[in-house]
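Worksheet: the structure to be examined is printed underneath.
Chain letters run A, B, ... following the sequence lines, proteins first, then strands; residues in each count from 1. All values below come from the heavy atoms of this structure, side chains included, with hydrogens, waters and symmetry mates left out.
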Amino acid sequence: MYGNAYIDPNEKANAMIAGEDPIKLAEFEARIARGEKIEPKDWMPKEYRKQLIRMIEQHGHSEIIGALPEGTWITRAPGFKRKLALMAKVQDEVGHAQLLYSAAETLGKSREDMINDLITGKSKYSNVFNYPAYTWADACIIAWLIDAGAIINQVANAKGSYGPYCRALDRICTEESFHLKYGHDNVVTLATGTPTQRKMVQEALTRWWPPIMHFFGPSDKISSHTEILMRWKVKMASNDDMRQQFLNMYVPKIWDLGLELPDANLKKVEDTNSKLGVKWEYTEPDWDEFKRVINGGGPCNAERLAVRRMAEEKGRWVRAALLRKDEKYVTPLA
Amino acid sequence: MINSLDPRIAREKINEDNNIAPLTEMDQFETYEVFHQKKRGDQHVHAGIVHAPNAEMALLFAKEQYGRRGLSVNIWVVKTNNVFASDYDDADIFETVPEKQYREAGGYKVMDKINKYKKENKV
């Protein structure tokens with residue numbers, strides 16, 4: 001129990017729970033420890049709400065922005081069947097954004113505010129989408145490997161503590177499994193095709209490897225801040241653990257196709273301490289490049305936001321025409 | 001000017017600093033709670049929400065969002081505003097005493113009586 005514990009607001013971790021009612025906090029933490037979910041109208045610490053809004057909102061933005069590099073290839077996808085499949089995938093991604101925005105909305109941030117924060121650059125989205133899809137093969141690598149990374153992240157988060165986020169993720173994960181199969185099928189087609197096709201997919205893989213290694217983020221600082229987020233089941237796995245899981249599942253599949261990864265140090269070693277029983281060694285990704293791109297310096301940051309602003313602006317008169325004066329917004333229930 | 005690799009975007013000739021007025025309240029409309037029935041004979045269950053300007057469009061969006069993979073045979077939409085919900089803080093209203101066997105099927109053990117009767121009367 002936290003009953004009478006003195007909380008020093010000068011300590012970083014304690015700042016997260018400063019001013020919270022200790023009895024309510026203890027009940028909240030006990031509920032999570034029992035494996036129960038937190039629902040929108042439940043009492044929750046301010047910091048729990050803030051971190052979840054930030055996380056779910058960014059996830060939603062990533063789905064919206066992620067639709068752009070892939071959407072680019074709909075009109076030029078090779079063959080009618082692939083056009084249909086890519087359209088379905090892009091529609092799914094936009095649908096995922098809607099599900100995620102809805103989950104974030106239950107925490108009290110309106111969808112208008114989330115979109116405003118996206119188009120002004122205040123909120124972030126997954127850094128990988130600041131890179132362009134140069135060729136059809138890039139779109140295939142995104143569909144296979146970026147979606148594979150997303151599934152690892154989403155499956156972990158689906159076991160988190162916030163009910164509406166978990167429900168959205170369960171649905172999202174079902175649809176992502178189609179994306180993964182579709183992406184793998186496309187990569188296999190290219191990798192087992194003509195020498196030109198093989199060259200194309202190898203070049204795309206080489207281009208996308210650094211962003212893929214960045215995907216899960218830098219190693220977590222071991223801090224009491226992280227420890228609280230894990231206890232609250234906001235953060236479900238460390239960035240390094242997810243990266244290891246990804247490498248362990250997908251590097252063998254990539255090597256199976258005779259494709260090469262641009263990292264001479266990448267290899268699997270025995271590690272009895274890890275959950276996987278193995279550990280992948282790799283060259284530390286360039287985190288300065290990651291920071292540079294996430295702060296606006298990537299090849300597509302400006303384009304992605306400008307396109308979103310254009311879309312919002314162009315649709316505005318339609319929405320204004322449909323709006324009825326008697327409508328009144330209330331926070332959705334679940 | 002955005003020099004995009006995507007021909008559709010390049011054609012739009014978008015300026016990088018195309019700042020727009022922020023979205024105002026209600027730009028995204030109010031929300032409807034969506035209930036769907038997965039197959040005939042099932043209950044309708046809550047699936048999520050959609051933002052829509054009216055019920056007809058809410059149905060259309062709900063079909064796209066929650067029924068596009070054959071997961072529904074029927075959908076209801078209800079304005080969030082029109083749903084009256086109990087409060088999680090009042091969860092104690094659902095609490096009950098353990099001695100309510102009289103309202104459970106398991107509270108009625110007729111076979112014990114029948115067997116006893118059969119044994120005693122050699123039926």
Side-chain angles (χ1 to χ4, degrees), chain A residues 38-43 68-69 71-76 88 91-92 95 98-99 101-103 105-106 110-116 119-120 132-134 164 167-168 171 174-175 178 299-300 302-303 305-307 309-310 312-313 316 319-324 327-334, chain B residues 1-10 12-35 45-57 61-62 64-69 71 78-91:
Chain A
I38 303 299
E39 293 293 343
K41 300 276 162 55
D42 280 332
W43 181 91
L68 297 176
T72 300
W73 283 95
I74 292 175
T75 54
R76 295 169 290 167
Q91 187 194 16
D92 284 350
Q98 308 248 352
L99 292 171
Y101 285 156
S102 301
E105 223 178 309
T106 61
S110 74
R111 198 156 84 168
E112 289 86 357
D113 285 346
M114 290 188 264
I115 296 173
N116 283 332
I119 61 183
T120 55
Y134 287 104
R167 291 191 283 272
R171 203 188 149 86
T174 316
E175 296 184 347
F178 143 63
C300 291
E303 173 179 338
L305 295 187
V307 169
R309 284 192 292 267
M310 179 191 74
E312 293 301 337
E313 182 74 350
R316 182 168 283 176
R319 297 192 300 275
L322 286 164
L323 185 63
R324 292 174 315 186
E327 276 196 60
K328 209 171 164 180
Y329 178 83
V330 292
T331 308
L333 294 170
Chain B
M1 193 82 72
I2 300 285
N3 182 21
S4 177
L5 288 169
D6 185 339
R8 299 169 312 163
I9 290 169
E12 291 288 336
K13 302 198 185 347
I14 314 168
N15 277 320
E16 229 173 82
D17 52 352
N18 59 344
N19 293 326
I20 61 169
L23 276 62
T24 50
E25 206 185 333
M26 293 304 292
D27 177 278
Q28 302 288 307
F29 312 111
E30 66 185 311
T31 62
Y32 287 75
E33 304 288 327
V34 178
F35 298 82
V45 292
H46 187 255
I49 62 152
V50 290
H51 286 248
N54 55 52
E56 291 75 20
M57 289 197 75
F61 292 153
E64 284 302 309
Q65 180 73 56
Y66 299 103
R68 74 173 174 279
R69 285 219 162 75
L71 295 175
V78 182
K79 275 188 186 191
T80 300
N81 233 336
N82 289 346
V83 178
F84 291 85
S86 69
D87 205 323
Y88 280 103
D89 272 349
D90 293 336

task: Show the numbers, then the answer: is there a side chain to side chain contact (heavy atoms under 4.5 Å, CB included) between N18(B) and I2(B)?
output: CA-CA 10 Å; N18(B) 59 344; I2(B) 300 285; over 6 Å; no

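Residues that satisfy the side-chain hydrogen bond (donor to acceptor under 3.5 Å, both in side chains) test with R69(B), not counting sequence neighbours, are D92(A), E175(A).
Nearest heavy atom pair, residue A52(B) against residue E327(A), reads O-OE1, 3.9 Å. Between L322(A) and P53(B), the shortest heavy-atom contact is O-CB, 3.6 Å. In plain terms, the two heavy atoms of P69(A) and A133(A) that are nearest each other are O-CB, 3.7 Å.
The candidate from N19(B), D89(B), D17(B), D87(B) with the greatest count of non-hydrogen atom pairs under 4.5 Å with chain A is N19(B). Per-residue counts of heavy-atom pairs under 4.5 Å with chain B were compared for E312(A), K41(A), Q98(A), E39(A); the largest is that of E39(A). The greatest number of non-hydrogen atom pairs below 4.5 Å with chain B, out of P332(A), A103(A), A168(A), A302(A), is found for P332(A). Counting heavy-atom pairs closer than 4.5 Å to chain A, the top residue among I20(B), T31(B), V50(B), T24(B) is I20(B). Heavy-atom pairs under 4.5 Å with chain B were tallied for G71(A), P299(A), A306(A); the largest tally goes to A306(A).
Residue contact with chain B, scored on non-hydrogen atoms closer than 4.5 Å, involves the side chain of R324(A) exclusively. Residue E25(B) touches chain A through its backbone alone, counting heavy-atom pairs closer than 4.5 Å. The contact between R76(A) and chain B is made entirely by side chain atoms (from C-beta outward), counting heavy-atom distances below 4.5 Å. Of the two parts of I115(A), only the side chain, counted from C-beta on, holds a non-hydrogen atom closer than 4.5 Å to a non-hydrogen atom of chain B. The part of N15(B) that comes within reach of chain A is its backbone (N, CA, C, O), which places non-hydrogen atoms under 4.5 angstrom from that chain. In this structure, no portion of S110(A) lies under 4.5 Å from any heavy atom of chain B. Contacts between E105(A) and chain B at a heavy-atom distance below 4.5 Å involve the side chain alone, from C-beta outward. Proximity to chain B (any heavy atom under 4.5 Å) is restricted, for T331(A), to the backbone atoms N, CA, C and O. Using a 4.5 Å cut-off between heavy atoms, I49(B) touches chain A through backbone and side chain atoms alike. In this structure, the portions of Y134(A) lying under 4.5 Å from any heavy atom of chain B include both its backbone and its side chain.
Considering only heavy atoms from C-beta on, L23(B) comes within 4.5 Å of R316(A) through its side chain. Side-chain atoms of L5(B) and T72(A), non-hydrogen and from C-beta on, never get closer than 4.5 Å to each other. Side-chain contact between Q65(B) and V34(B): absent, with no pair of heavy atoms (C-beta onward) separated by less than 4.5 Å. Looking at heavy atoms from C-beta onward, Y66(B) lies in side-chain contact with L99(A) at the 4.5 angstrom threshold. Looking at Q28(B) and R319(A), their side chains come closer than 4.5 Å, going by heavy atoms from C-beta outward. Between L71(B) and R171(A) there is a side-chain heavy-atom pair separated by less than 4.5 Å.
Within residues 79-86 of chain B, the residues having any heavy atom closer than 4.5 Å to a heavy atom of chain A are K79(B), T80(B), N81(B), V83(B), A85(B), listed by residue number.
Aromatic ring pairs are classed by plane angle as parallel below 30°, tilted from 30° to 60° and perpendicular above 60°; the pair H51(B) and Y329(A) is parallel.
Atom-to-atom distance recorded for D113(A):CG and R111(A):CZ is 12.5 Å, nearest 0.5 angstrom.
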